[in-house]
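These notes are about the structure you will find just below.
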Amino acid sequence: MGDVSERERKILVAVDEGEESLYALSWCLKNVISQNSKDTLILLYARPPRPIYTALDGTGYLFSADIMATLDRYSYDVAEAVVEKAKRLCKDLNNVKVESRVESGDARDVICQMVEKLGADVLVMGSHGYGPIKRAFIGSVSNHCAKSVKCPVLIVKKPKNSTPPSSN
């Protein structure tokens, strides 16, 4: 069974299309995860809920079914692409289990719910550099989650002029 003190940690990393989240993931791989640990890394992508799209029309009509299907497919493709990219960053981990989940809904709710449901030990998120006005409107996802979840939250800020880590 090995040393009991080496508890299996569940590290939940919220990933999205932004460079910030991939930066946060690579930072986490370098600084949080130890190579020979029993850690499980869970990559979580929150797929925006559908109503975001239905409002696009503007004339008050909902999109036709085939357009909705296209948007849905696109949304799944984006989710898959983000998760694939994140998994590629993790490819050199030897003993760490990597799992990924795509859940639909508002990122703030999805992330908090999954932390709870999966019993995550740490939540890692990127910090989006929104300006104060945009932040006032959308409310920071990371702020919301940091206040709501019970486990420690690591919010990784991407240095201003850093290039994203190359995934060669």
Side-chain angles (χ1 to χ4, degrees), residues 1-49 71-130 135 138 140-168:
M1 289 297 285
D3 186 354
V4 184
S5 67
E6 216 186 297
R7 206 166 76 64
E8 307 189 8
R9 296 182 303 171
K10 281 188 181 167
I11 299 166
L12 186 65
V13 181
V15 294
D16 62 22
E17 296 84 340
E19 269 178 23
E20 289 89 352
S21 78
L22 290 176
Y23 179 84
L25 172 58
S26 52
W27 189 92
C28 169
L29 298 178
K30 281 195 209 65
N31 299 286
V32 181
I33 289 184
S34 61
Q35 273 301 343
N36 52 4
S37 72
K38 297 194 177 72
D39 290 344
T40 297
L41 184 65
I42 303 158
L43 307 168
L44 172 65
Y45 176 77
R47 218 164 68 84
L71 285 170
D72 262 0
R73 239 197 333 276
Y74 170 72
S75 169
Y76 279 110
D77 289 347
V78 169
E80 208 165 286
V82 170
V83 168
E84 275 313 303
K85 214 172 189 177
K87 277 188 180 152
R88 271 204 301 279
L89 281 178
C90 304
K91 69 181 185 322
D92 298 330
L93 296 177
N94 299 324
N95 304 313
V96 179
K97 288 196 285 292
V98 179
E99 297 170 6
S100 59
R101 298 188 69 125
V102 174
E103 302 284 335
S104 286
D106 181 303
R108 285 171 291 198
D109 303 333
V110 167
I111 294 167
C112 295
Q113 282 160 9
M114 294 313 288
V115 165
E116 187 97 345
K117 192 170 155 185
L118 301 169
D121 295 291
V122 186
L123 168 62
V124 179
M125 316 179 70
S127 153
H128 285 277
Y130 296 127
R135 196 179 303 123
I138 57 174
S140 155
V141 172
S142 47
N143 269 357
H144 175 88
C145 295
K147 285 204 286 277
S148 310
V149 301
K150 294 186 181 71
C151 71
V153 179
L154 262 175
I155 297 172
V156 181
K157 284 180 94 88
K158 184 174 181 291
K160 273 280 179 284
N161 45 16
S162 81
T163 50
S166 61
S167 49
N168 32 19

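Keep in mind the model is a prediction, meaning the values are calculated, not measured.
Scanning all heavy atoms of the two residues, the minimum distance from I111 to L44 falls at CA-CD2, 3.9 Å. S148 and C112 get closest at one heavy-atom pair: CB-SG, 3.7 Å. Here the closest non-hydrogen pair linking V13 and C28 is CG2-SG, 4.2 Å. Shortest non-hydrogen contact noted between A86 and L25 is O-CD2, 3.5 Å. Heavy-atom minimum distance, A24 versus V124: O-CG1, 3.9 Å. C151 and V115 get closest at one heavy-atom pair: SG-CG1, 3.7 Å.
Of the inter-residue distances, the one linking D77 atom CG with D72 atom CG reads 10.5 Å to the nearest 0.5 angstrom. Atom CD of E17 and atom NZ of K85 lie 9.5 Å apart (nearest 0.5 Å). The distance from the CG atom of D106 to the CD atom of Q113 is 9.5 Å, given to the nearest 0.5 Å. To the nearest 0.5 angstrom, L118 atom CG is 13.0 Å from I11 atom CD1. In this structure, CD on E20 lies 11.5 Å from CE on M125, to the nearest 0.5 angstrom. We find the NZ-OG distance between K147 and S142 to be 9.5 Å, quoted to the nearest 0.5 Å.
In terms of modelled atom types and a separation under 3.5 Å, the side chain of K158 and the main chain of E19 share no donor-acceptor contact. Using modelled atom types, one side-chain atom of S21 and one backbone atom of D16 make a donor-acceptor pair closer than 3.5 Å. Put simply, the side chain of D121 gets close to the backbone of K10: a donor and an acceptor are under 3.5 Å apart. Of the possible polar contacts, one joining the S26 side chain to the Y23 backbone as a donor-acceptor pair under 3.5 Å is found.
Y76 is not listed as a side-chain neighbour of V102, based on a closest heavy-atom distance of 4.5 Å or more. Between K157 and W27 there is no side-chain heavy-atom pair separated by less than 4.5 Å.
Among V156, L41, L154, the single residue meeting the side chain to side chain contact (heavy atoms under 4.5 Å, CB included) criterion with V32 is L154.
For CD of E99, the number of neighbouring non-hydrogen atoms (other residues, nucleotides, ligands) closer than 6.0 Å is greater than 12.
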Decide side chain to side chain contact (heavy atoms under 4.5 Å, CB included) for C145 and I155; before the verdict, give the C-alpha distance in whole Å, the side-chain angles of both, and the deciding distance to 0.1 Å. CA-CA 10 Å; C145 295; I155 297 172; over 6 Å; no
Output, in order, the C-alpha distance, side-chain angles, deciding distance and verdict of salt bridge (Lys or Arg N to Asp or Glu O under 4.0 Å) for D39 and R9. CA-CA 5 Å; D39 290 344; R9 296 182 303 171; 2.6 Å; yes
